[in-house]
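By convention in this document, chain letters (A, B, ...) are assigned in the order of the sequence lines, proteins followed by strands, and residues within each chain are numbered from 1.
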Amino acid sequence: MKYWLFKTEPDVFSIHDLAKSPAKTACWEGVRNYQARNMLRDETKVGDRVLIYHSGGTSPCIAGVASIAKAGYPDSHSWDRKSKYYDSASSPENPRWYMVDVRLDQIFPCPLTLAGLREVKGLAEMGLLRKGNRLSIQPVTKGEFAIIVKLAVK
DNA sequence: GCCAACGTTGGC
DNA sequence: GCCAACGTTGGC
């Protein structure tokens with residue numbers, strides 16, 4: 001099993017939107033970065049755990065945990081002309097972009113702020129905390145995941 | 001709103 | 001293949 005961190009802008013799609021989705025499950029569409037695409041397409045498996053990160057705003061934070069409900073599959077928004085994620089280079093026959101389905105497991109009672117996470121020993125190497133890392137899909141180590149869940153549930 | 005960091009594009 | 005220009009991300 002792998003562990004991930006997915007970034008989202010809560011104004012666009014928050015963990016609360018995920019909670020309101022049918023069966024608390026939604027597709028994670030619109031990833032338009034090749035490195036992130038490759039991970040979604042090649043490395044995700046059903047059951048993988050996903051930290052949901054809210055970027056932007058006054059207090060960016062890890063808001064909760066979800067699981068992969070459907071592993072990487074072509075992002076149909078990429079050939080939907082009406083979608084803001086439309087890409088003329090992508091087609092059903094030759095999809096350029098991929099997405100996954102995620103199902104909410106838990107909203108953290110107290111979201112873990114970025115500032116707070118920087119204080120935590122054992123997370124110093126975490127991708128999220130490294131300068132200049134803009135990837136919206138990031139692998140997380142088993143140890144980092146365990147530390148974060150323990151902090152949030154305490 | 002600023003700006004650092006990084007990705008993408010396109011001319012050559 | 002190099003690299004300048006430009007666009008995007010995202011914390012602050």
Side-chain angles (χ1 to χ4, degrees), chain A residues 2-21 26-44 48-68 71-102 104-141 143-145 147-152 154:
Chain A
K2 286 201 168 82
Y3 301 89
W4 305 96
L5 180 140
F6 287 8
K7 292 183 187 174
T8 181
E9 291 186 49
D11 291 348
V12 178
F13 187 83
S14 74
I15 199 165
H16 304 287
D17 294 320
L18 181 58
K20 280 181 268 177
S21 301
C27 63
W28 203 267
E29 83 281 12
V31 172
R32 295 292 179 267
N33 169 284
Y34 287 104
Q35 231 182 309
R37 188 274 314 262
N38 293 348
M39 288 190 277
L40 288 180
R41 186 188 59 190
D42 304 333
E43 296 185 43
T44 57
D48 285 356
R49 310 299 307 284
V50 181
L51 299 168
I52 304 295
Y53 178 77
H54 284 173
S55 65
T58 53
S59 182
C61 62
I62 298 177
V65 189
S67 295
I68 300 285
Y73 64 104
D75 183 350
S76 54
H77 301 76
S78 66
W79 56 78
D80 175 1
R81 285 182 177 279
K82 292 190 291 273
S83 170
K84 67 172 185 172
Y85 300 119
Y86 176 69
D87 178 353
S88 60
S90 187
S91 66
E93 298 75 28
N94 195 6
R96 173 178 285 194
W97 303 112
Y98 281 70
M99 60 184 177
V100 296
D101 288 355
V102 293
L104 179 67
D105 293 326
Q106 186 190 15
I107 296 179
F108 290 157
C110 294
L112 300 173
T113 65
L114 188 61
L117 291 168
R118 292 192 191 283
E119 309 286 311
V120 180
K121 245 188 160 177
L123 296 182
E125 297 300 309
M126 196 176 171
L128 179 69
L129 305 180
R130 279 207 294 270
K131 193 177 180 182
N133 192 344
R134 304 182 312 179
L135 263 191
S136 62
I137 304 293
Q138 301 183 13
V140 173
T141 69
E144 289 162 353
F145 185 87
I147 290 171
I148 285 162
V149 169
K150 197 174 174 190
L151 277 175
K154 204 186 297 180

Name the orientation class of the two ring planes belonging to W28(A) and F13(A) (parallel below 30°, tilted from 30 to 60°, perpendicular beyond 60°).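 Aromatic pair W28(A)/F13(A) classed perpendicular.
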* Without swapping roles, check the side chain of R32(A) against the backbone of Y85(A) for a donor-acceptor pair under 3.5 Å. =>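 Yes: the side chain of R32(A) pairs with the backbone of Y85(A).
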| message | Given 3.5 Å as the limit, does a donor-acceptor pair link the side chain of D17(A) with the main chain of S14(A), or not? | response |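 The answer is yes, because a donor-acceptor pair under 3.5 Å joins these two groups.
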Q | Bend angle of the helix from dG1(B)-dC12(C) to dC12(B)-dG1(C), from helix axes over five pairs at each end, nearest 10° | A |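 Overall, the helix from dG1(B)-dC12(C) to dC12(B)-dG1(C) bends by 10° from one end axis to the other.
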Please enumerate all residues that pass salt bridge (Lys or Arg N to Asp or Glu O under 4.0 Å) together with R37(A), with sequence neighbours excluded.
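Here no residue qualifies.
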Item to check | Those residues that, when tested against R134(A), pass salt bridge (Lys or Arg N to Asp or Glu O under 4.0 Å) (two or more places apart) | outcome: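 Checked R134(A) against salt bridge (Lys or Arg N to Asp or Glu O under 4.0 Å); zero matches.
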task = Of all the heavy-atom pairs spanning L117(A) and L129(A), show the shortest one and how long it is.
result =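 Closest approach of L117(A) to L129(A): O-CD1, 3.8 Å.
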How close do P74(A) and W79(A) get, heavy atom to heavy atom, and via which atoms?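 What the structure gives for the nearest pair is CB-CH2, 3.9 Å.
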Exercise. CG of N33(A) versus P of dG7(B): gap in Å, rounded?
Worked result: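 Distance, rounded to whole Å: 7 Å.
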*For atom CD of Q35(A) and atom C1' of dG7(B), their distance in whole Å*: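 Going from Q35(A) (CD) to dG7(B) (C1'), I get 10 Å.
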Requested in this report: May I ask you to check whether W97(A) and Y73(A) place their ring centers less than 6.0 Å from one another?
Outcome: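 No, the ring centres sit 6.0 Å or more apart.
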Using a cutoff of under 3.5 Å, can you pull out all pairs of nitrogen or oxygen atoms linking the protein to nucleotides 9-12 of chain C, with atom names and distances?
| residue | atom | partner | partner atom | Å |
| --- | --- | --- | --- | --- |
| dG10(C) | OP1 | K7(A) | NZ | 2.9 |
| dG10(C) | OP1 | R134(A) | O | 3.1 |
| dG11(C) | OP1 | Y53(A) | OH | 2.5 |
| dG11(C) | OP2 | G56(A) | N | 2.9 |

Member of L51(A), V100(A), T44(A), L40(A) meeting the side-chain contact (heavy atoms from CB on, under 4.5 Å) criterion with W4(A)
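Between W4(A) and the candidates, side-chain contact (heavy atoms from CB on, under 4.5 Å) is satisfied uniquely by T44(A).
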Item checked: Residue pairs passing the side-chain hydrogen bond (donor to acceptor under 3.5 Å, both in side chains) test where at least one lies in residues 112-123 of chain A, sequence neighbours excluded ->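 Listed once each, the pairs would be none.
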With a 4.0 Å heavy-atom cut-off, tell me which residues in residues 82-101 of chain A come close to DNA chain B, sorted by residue number.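 When residues 82-101 of chain A is checked for heavy atoms under 4.0 Å from DNA chain B, there are no hits whatsoever.
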